[in-house]
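First the structure, in the form of structure tokens, and then the observations on it.
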There are 2 protein chains.
Amino acid sequence: MSSIARAPRSDNRLPRLLDEAARLFRQKGYHAASIRDVAAAVGMLPGSLYYHFASKEDLLVAVYEEGVRQISDAVVVATAGQSDPWRRLEAGCVAHLEALLRLNDYAQVVIRVLPRDVPKARSRLTLLRDAYERLFTDLIAALPLPAGVDRRYLRLMLLGALNWSQNWYHEGKDTPKTIARRFLKLLQVSLRGEE
Amino acid sequence: MSSIARAPRSDNRLPRLLDEAARLFRQKGYHAASIRDVAAAVGMLPGSLYYHFASKEDLLVAVYEEGVRQISDAVVVATAGQSDPWRRLEAGCVAHLEALLRLNDYAQVVIRVLPRDVPKARSRLTLLRDAYERLFTDLIAALPLPAGVDRRYLRLMLLGALNWSQNWYHEGKDTPKTIARRFLKLLQVSLRGEE
DNA sequence: AAGAAAAACAAACGACTGTTTGTTTTATAC
DNA sequence: GTATAAAACAAACAGTCGTTTGTTTTTCTT
């Protein structure tokens with residue numbers, strides 16, 4: 001008895017479904033990308049999608065989960081190559097930004113679709129974001145900093161500046177790597193005092 | 001002849017219409033707030049709204065325009081009271097953040113509704129945003145800074161960090177004033193070097 | 001080859017969307 | 001007081017939305 005479950009079929013279209021959902025959520029935003037858009041992109045009927053996901057919100061959460069996984073991996077891999085705390089943070093920021101601005105639909109959805117815009121999934125999305133940000137909490141915790149520096153605000157400022165770049169970045173100008181380094185430089189030097 | 005036009009009536013509901021639109025766009029976002037929501041909040045029928053605006057996008061643009069006007073005024077007034085460049089920038093950031101996080105539906109819409117989410121109005125919204133940001137370009141241009149500091153990136157970093165705060169701020173904890181000051185402090189001191 | 005589960009189809013449901021049209025009310029100006 | 005323009009009503013249009021239901025096809029397992 002029992003073993004009613006069976007392995008997924010080899011022609012499973014779920015991966016492509018997620019890919020197209022990520023692409024469309026990134027391109028149009030959550031509300032503007034419809035179930036019908038996603039289904040058409042995969043080449044299936046709108047209703048068929050509900051075999052894989054119970055609701056549109058659940059589909060978004062699945063994309064989010066994959067996005068957090070991918071961007072986390074990118075940051076972990078990038079920082080693993082460095083030992084100096086500042087260089088580790090730099091590598092993490094560069095990886096974060098490259099995923100965010102260029103190469104990753106899933107990661108871009110994580111930053112572009114704001115939890116408050118999807119009330120029914122808000123708490124789940126926020127949890128996923130927070131889990132990711134903890135990587136940066138750790139990177140910043142390892143920094144040798146002058147006494148009195150609030151590490152929480154350092155994280156909020158740095159990640160806020162990086163994430164907001166989705167709103168002004170245009171391919172072709174400065175690279176993500178350059179941007180991340182410029183931001184970090186602004187924090188490292190003192191802007192006050194010497195003219 | 002000619003003078004076919006006449007002054008608006010004194011019981012004009014257009015101001016309230018804009019107020020409710022701002023409130024709902026801020027609360028639910030652009031896509032989730034429907035024409036019917038706005039009309040119901042004002043106490044008129046959905047179709048009546050089209051006497052005042054040709055489209056939903058036009059309504060958003062009107063709210064945006066008022067938002068930029070109000071937040072610009074707040075920043076101008078706040079900075080006018082200061083003469084030292086750094087204090088002027090600080091006052092501007094505090095005013096920006098207070099409008100953004102607490103007291104102004106219109107201003108919150110300007111930051112919360114992203115131009116890329118409303119393709120048909122995108123260029124107009126971006127123009128309005130850019131006009132506002134120029135205030136900060138000026139404030140930063142007046143700063144005495146070490147040679148080699150990129151003022152454009154300073155603006156992008158600072159405004160990015162401030163704007164993103166809409167995503168993590170919760171009433172009751174730190175005040176907007178505190179947040180703005182902490183961010184500026186992080187830029188003013190050197191985080192590298194002295195332990 | 002036969003049975004079972006996975007996956008998709010086909011077709012609709014009801015609700016909601018932004019918007020248009022023709023008409024009516026209402027304040028204002030002469 | 002009467003013409004006029006401002007403003008809103010009333011009612012619908014055509015389309016889209018997320019979703020459900022019942023059925024069929026397809027692959028895997030034995």
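Proteins come first, then strands; the chains are lettered A, B, ... in the order of their sequence lines, and each starts at number 1.
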>> Once hydrogens and angles are ignored, does a donor-acceptor distance under 3.5 Å link the base of C:dA6 to the side chain of A:Arg9?
In response: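 Checked by distance alone, the answer is yes.
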
> Can you tell me if A:Tyr64 uses its side chain to pair, donor with acceptor, with the backbone of A:Val110 under 3.5 Å?
Replying inline: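 Yes, the answer is positive, given that a donor and an acceptor are paired below the 3.5 Å cut-off.
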
> Is a side-chain donor or acceptor of B:Thr178 paired with a backbone partner of B:Asp174 at a separation under 3.5 angstrom?
Replying inline: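 A pair under 3.5 Å: no.
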
What is the distance, to the nearest angstrom, from the [atom1] atom on [X] to the [atom2] atom on [N]?
{"X": "A:Leu49", "N": "C:dA10", "atom1": "CG", "atom2": "P", "result": "16 Å"}
{"X": "B:Leu45", "N": "D:dC9", "atom1": "CG", "atom2": "C1'", "result": "6 Å"}
{"X": "B:Tyr50", "N": "C:dT17", "atom1": "OH", "atom2": "P", "result": "11 Å"}
{"X": "A:Met44", "N": "D:dT25", "atom1": "CE", "atom2": "C1'", "result": "14 Å"}
{"X": "B:Phe53", "N": "D:dA7", "atom1": "CZ", "atom2": "P", "result": "12 Å"}

>> Testing B:Arg26, B:Glu66, B:Gln70, B:Glu98 one by one against B:Asn104 for a side chain to side chain donor-acceptor pair (under 3.5 Å), which residue passes?
In response: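 Among B:Arg26, B:Glu66, B:Gln70, B:Glu98, the one that satisfies the side chain to side chain donor-acceptor pair (under 3.5 Å) with B:Asn104 is B:Gln70.
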
> Nearest nucleotide by nearest heavy atom, which residue falls closer to the 5' end of DNA chain C, B:Glu57 or B:Pro8?
Replying inline: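 Its nearest nucleotide lies further toward 5', so the answer is B:Glu57.
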
Go through [options] for me and flag the one nearest to the [X] side chain.
{"X": "B:Lys56", "options": "D:dC28, C:dA27, C:dT19", "answer": "C:dT19"}
{"X": "B:Asn12", "options": "C:dC9, D:dA7, C:dA29", "answer": "D:dA7"}
{"X": "B:His52", "options": "C:dA8, D:dC9, D:dA7", "answer": "D:dA7"}
{"X": "B:Pro46", "options": "C:dT19, C:dA8, C:dA27", "answer": "C:dT19"}
{"X": "A:Tyr51", "options": "C:dC9, D:dA6, C:dA7", "answer": "C:dA7"}

> Does a side-chain N-to-carboxylate-O contact under 4.0 Å join A:Asp58 and A:Arg124?
Replying inline: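 A salt bridge is present here (some side-chain N lies under 4.0 Å from a carboxylate O).
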
> Could B:Lys56 and B:Tyr30 be counted as a cation-pi pair, given that NZ or CZ must be under 6.0 Å from the ring centre and within 45° of the axis?
Replying inline: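 Judged by the rule (NZ or CZ under 6.0 Å from the ring centre, within 45° of its axis), B:Lys56 counts as positioned above B:Tyr30.
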
>> Does any part of the side chain of A:Tyr106, heavy atoms only, come nearer than 4.5 Å to the side chain of A:Arg69, both counted from C-beta?
In response: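 The answer is no; the side chains never approach within 4.5 Å.
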
> Should B:Ser48 be listed as having a side-chain N or O under 4.0 Å from OP1 or OP2 of D:dA7?
Replying inline: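 For D:dA7, neither OP1 nor OP2 has a side-chain N or O of B:Ser48 closer than 4.0 Å.
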
> Taking OP1 and OP2 of C:dT28, is either one under 4.0 Å from a side-chain nitrogen or oxygen of B:Ser10?
Replying inline: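 For C:dT28, OP1 or OP2 has a side-chain N or O of B:Ser10 closer than 4.0 Å.
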
> Does any residue of residues 13-36 of chain B have a heavy atom under 4.0 Å from DNA chain D, and if so, which ones, in number order?
Replying inline: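 Close to the strand are B:Arg13, B:Arg36.
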
> With B:Thr79, which of B:Leu135, B:Leu139, B:Leu89, B:Val94 fulfils side chain to side chain contact (heavy atoms under 4.5 Å, CB included)?
Replying inline: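 Among the candidates, only B:Leu139 passes.
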
